[in-house]
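Structure, as structure tokens:
Chain letters run A, B, ... following the sequence lines, proteins first and then strands; every chain starts at 1.
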2 protein chains.
Amino acid sequence: MQKSFIEVSQDSHFPIQNLPYGVFQLKKGSVPHIGTAIGDYILDLTMLEERGLFLLTALGAERVFSERTLNAFMSKGKEVRMQIRTVLQTILSEDNPLLRDDEELRTASLVKMEDVQMLLPVEIGDYTDFYSSREHATNVGIMFRGKDNALMPNWLHLPVAYHGRASSVVVSGTDIHRPKGQLKPADSDKPVFGPCKLLDFELETGYFISSGNKLGEPIPIDKAYEHIFGMVLINDWSARDIQTWEYVPLGPFLAKNFATSISPWVVTMEALEPFKTKGPEQEPEPLPYLQSKGDWAYDINLDVFIKTEKLSEPFKISGSNFKYMYWNILQQLAHHTITGCNMRTGDLLGSGTISGPTPDSYGSMLELTWRGEKPIRLPDGEERKFIQDGDEVIMSGYCKGDGYRVGFGDVRGRVLPGL
Amino acid sequence: MQKSFIEVSQDSHFPIQNLPYGVFQLKKGSVPHIGTAIGDYILDLTMLEERGLFLLTALGAERVFSERTLNAFMSKGKEVRMQIRTVLQTILSEDNPLLRDDEELRTASLVKMEDVQMLLPVEIGDYTDFYSSREHATNVGIMFRGKDNALMPNWLHLPVAYHGRASSVVVSGTDIHRPKGQLKPADSDKPVFGPCKLLDFELETGYFISSGNKLGEPIPIDKAYEHIFGMVLINDWSARDIQTWEYVPLGPFLAKNFATSISPWVVTMEALEPFKTKGPEQEPEPLPYLQSKGDWAYDINLDVFIKTEKLSEPFKISGSNFKYMYWNILQQLAHHTITGCNMRTGDLLGSGTISGPTPDSYGSMLELTWRGEKPIRLPDGEERKFIQDGDEVIMSGYCKGDGYRVGFGDVRGRVLPGL
């Protein structure tokens with residue numbers, strides 16, 4: 001197994017097999033740089049690019065790592081990405097002296113994670129959110145329409161999705177203000193104005209587009225993979241009571257656009273490649289434009305923790321897995337563009353809430369507490385039906401390799417009262 | 001009445017009272033410049049800025065007109081916009097010699113409209129589409145749910161909206177490819193794949209955000225106007241059959257994201273100011289955060305024409321007016337941000353289809369032909385239920401002043417077969 005000269009603990013999310021990309025600045029203040037994570041360190045790619053370390057790749061003298069987001073690098077596509085990955089794995093390898101034995105270069109290019117603040121890594125053009133977990137769609141369907149009409153007639157034929165709000169996508173660690181809006185009490189025929197009472201998280205992953213397509217020219221499913229750069233964790237914060245009142249007939253709007261948190265490290269498809277696995281059987285067979293060949297689910301463990309003001313440490317409230325997704329990422333992208341919709345570098349496509357088959361693997365409070373009917377009991381005796389002010393929600397995700405992990409780190413966000 | 005030394009016909013959309021902003025390049029090829037429309041000419045603001053004509057405004061030496069979009073200028077807000085308007089009205093005025101008598105400067109800065117190609121004027125961050133015409137919502141409601149349930153319970157309490165797709169917003173004149181996708185025939189329980197059969201337009205206007213707000217901090221309704229830069233016409237192309245199958249429960253997705261056309265000239269709120277008028281009575285009274293003071297409807301005539309391959313000239317199929325909108329632009333913006341959703345410079349907020357009270361004022365083929373039951377008869381004997389390949393849809397809009405018009409020009413798009 002390949003190892004780095006930098007010590008990486010066995011349960012670290014960032015071994016040499018991962019090498020995700022992110023944007024950071026020093027806590028004490030600095031210009032944002034692009035980096036890759038290795039153990040507890042960040043390797044400063046902006047610095048390495050300045051030093052000419054990527055001159056022999058297809059990038060040549062082009063300065064993609066001198067930008068303040070990953071977009072320029074992402075737009076280069078898979079070949080450049082693979083070359084950079086090879087360079088990074090080589091210079092970080094335990095038996096390569098270039099960086100290992102050059103103290104000056106090490107000091108200049110390696111930064112401790114604890115010394116940095118991570119920034120939003122990508123300039124997001126459009127954000128789309130799918131609804132691709134059968135378990136989640138079924139749970140929600142049972143709650144709102146009963147068991148017999150749980151899945152809508154279209155659900156098994158196409159990956160349902162809606163357009164989200166790109167401006168309010170924030171990086172992990174950003175505080176979230178409880179939204180206010182119109183709520184309709186069950187015992188009234190008029191809405192009232194007030195703070196959301198049913199604030200929820202949604203456990204999701206998302207992927208970023210590397211290179212896009214022209215308007216009018218769909219991306220065929222067998223080319224879809226080439227357009228995908230890498231993945232992040234998403235907490236798609238949701239105001240359930242605002243949603244219930246507003247969403248018919250045009251879908252969720254204010255209930256979803258006050259904040260969407262993403263993890264700061266974008267894990268590339270190359271790093272995730274060893275963890276591909278078989279997804280759920282699809283019956284009925286999808287239409288030809290949605291038929292993907294091979295295994296396109298990914299075995300990514302996903303955990304959700306809550307940390308209230310009283311709790312001394314985060315408490316795990318759900319453990320799910322990305323492999324449960326019914327519609328895979330190729331199907332999502334092929335469907336999204338089938339009408340000719342154009343993708344651009346930096347577009348973010350979310351999975352939708354990822355619920356597993358068992359009640360302890362559901363991806364939202366709505367499902368975990370079954371609309372509040374079964375509150376979650378916390379170790380200190382507190383109960384939670386939905387998210388309270390002061391609560392921090394933490395999601396973490398990783399793939400389990402043989403003796404190593406390829407992980408996402410986490411996405412966290414604390415809820416503050418509305419302004 | 002103020003007049004320009006440049007001849008402007010009485011029915012021109014672009015007198016000195018208008019001065020909308022756009023981005024153009026010469027048909028023979030050139031770098032994109034920012035300009036304002038005056039009669040049949042464009043005044044090149046990039047050129048004027050280089051010559052120092054705006055040095056005495058609050059812009060000083062800042063080069064906002066040297067960008068390839070209006071965003072930098074838009075972000076400056078109302079005060080700068082008013083100053084630039086004053087400069088432009090002054091130098092274009094019939095009694096000011098500065099430009100009038102300087103042949104060299106006139107030659108350098110005035111371009112004939114017929115010699116240019118207009119470009120997308122704004123880099124759009126997020127695009128939101130409202131559903132604010134009561135007549136439209138009622139018509140659609142009657143068709144799909146019957147007369148008694150036409151308006152959904154939330155409709156009179158809040159301006160319903162959904163997030164649209166920013167990447168596929170295109171400038172007038174861009175050809176539109178007929179989308180393909182899943183359609184569910186009425187006599188089948190399974191969807192089929194094929195080209196959209198019920199392709200439609202939607203007659204809309206939209207406004208651009210000048211300066212935004214911080215995430216978590218709503219824009220109060222009495223501050224909303226300060227955040228609005230100006231307006232355009234929108235044709236929100238819609239695939240009705242794709243929509244019917246996909247839209248429950250998360251709203252329109254592929255049915256709307258294959259193309260949205262906008263007019264190239266952004267008409268400022270200052271130019272529209274004289275045309276403010278009283279909007280429809282609102283009953284029930286909106287919640288306090290949605291109560292706007294004064295008249296916030298705008299008297300803008302809106303016409304829709306169709307030009308088939310056989311027709312020798314465009315034929316008018318609808319005449320509506322923006323003043324019919326139930327929810328005004330301040331209410332829309334206050335509602336959009338009430339949960340804390342952040343706006344950014346360049347965000348586009350569409351009105352939704354603007355239908356008037358009479359059948360000849362409906363803003364979509366769906367309504368004009370009542371789902372195809374009453375086809376439109378064209379002068380050459382052709383009929384249309386929805387839009388056919390080869391058809392061009394042209395929308396035009398103007399306000400009628402005393403002896404002049406403040407207009408938008410038009411937004412046009414021709415439908416080509418799907419790729």
Does CZ in R371(B) sit with more than 12 non-hydrogen atoms of other residues, nucleotides or ligands closer than 6.0 Å?
yes
A quick test of your reading: do over 12 heavy atoms of other residues, nucleotides or ligands sit less than 6.0 Å from CZ of R344(A)?
yes
Can you tell me how far apart CD (Q182(B)) and NE2 (H335(A)) are? Round to the nearest 0.5 Å.
6.0 Å
Tell me, for T174(B) versus chain A, whether the close heavy atoms (under 4.5 Å) come from the side chain, the backbone, both or neither.
neither
Of all heavy-atom pairs between F193(A) and I338(B), which one has the smallest distance, and what is that distance?
CE1-CG1, 3.5 Å
Under a 4.5 Å heavy-atom cutoff, which of P284(A), G125(A), G164(A) has the most pairs with chain B?
G164(A)
Looking only at heavy atoms and a cut-off of under 4.5 Å, which of W155(A), Y131(A), Y289(A) has the most pairs with chain B?
Y289(A)
Hydrogens and angles aside, do N257(B) and T339(A) bring a side-chain donor and acceptor to less than 3.5 Å of each other?
yes
At a 4.5 Å cut-off on heavy atoms, which part of I176(B) comes close to chain A: side chain, backbone, both, or neither?
neither
Heavy-atom proximity to chain A below 4.5 Å, by part of V140(B)
neither
Taking the six-membered ring for Trp and the full ring for Phe, Tyr or His, determine whether the centres of Y162(B) and Y162(A) are under 6.0 Å apart.
no
Which atoms of Y127(A) come close to chain B, meaning under 4.5 Å heavy atom to heavy atom: side chain ones, backbone ones, both, or neither?
neither
Flag yes if more than 12 heavy atoms outside Y247(A) fall under 6.0 Å of its OH atom; otherwise flag no.
no
Quick one: of V192(B), V160(B), V248(B), V170(B), who has the most non-hydrogen atom pairs under 4.5 Å with chain A?
V248(B)
Spacing of CG belonging to L250(A) relative to CG belonging to N154(B), to within rounding of 0.5 Å:
9.0 Å
Chain A contacts, top residue of G340(B), G181(B), P252(B) (heavy-atom pairs, under 4.5 Å)
P252(B)
Kindly check if the number of other-residue, nucleotide or ligand heavy atoms within 6.0 Å of NZ (K197(A)) is above 12?
no
Please identify, among G216(B), S167(B), P179(B), A166(B), the residue contributing the most non-hydrogen atom pairs under 4.5 Å to chain A.
S167(B)
Could you give the distance from NZ (K214(A)) to CG (L419(B)), rounded to the nearest 0.5 Å?
10.0 Å
Which one wins on heavy-atom pair count under 4.5 Å against chain B: M343(A), K184(A), K256(A)?
M343(A)
Atom pair OG/CG of S168(B) and N342(A) - distance to nearest 0.5 Å:
5.5 Å
Give a yes or no on whether E123(B) atom CD has more than 12 heavy-atom contacts from other residues, nucleotides or ligands under 6.0 Å away.
no
Residue from P218(B), P191(B), P249(B) scoring the most non-hydrogen pairs under 4.5 Å with chain A is P191(B)
Examine F253(B) together with H163(A) and report whether their ring centres are nearer than 6.0 Å.
yes
Please report the shortest heavy-atom distance between R165(B) and C341(A), naming the atom on each side.
NE-SG, 3.4 Å
Heavy-atom cut-off 4.5 Å, strictly under: side chain, backbone, both or neither for D175(B) against chain A?
neither
Against chain A, label P195(B) side chain, backbone, both or neither, depending on which of its atoms sit under 4.5 Å from a heavy atom there.
neither
With a 4.5 angstrom heavy-atom cut-off, is it the side chain or the backbone of P153(A) that approaches chain B, or both, or neither?
both
The interface call for I242(B) against chain A, heavy-atom contacts under 4.5 Å, is side chain
Residue part contacting chain A, namely of F144(B), when any heavy atom lies under 4.5 Å:
neither
Picking from L158(A), L215(A), L290(A), which has the most non-hydrogen pairs under 4.5 angstrom with chain B?
L158(A)
Between L287(B) and chain A, which part of the residue has a heavy atom less than 4.5 Å away: side chain, backbone, both or neither?
side chain
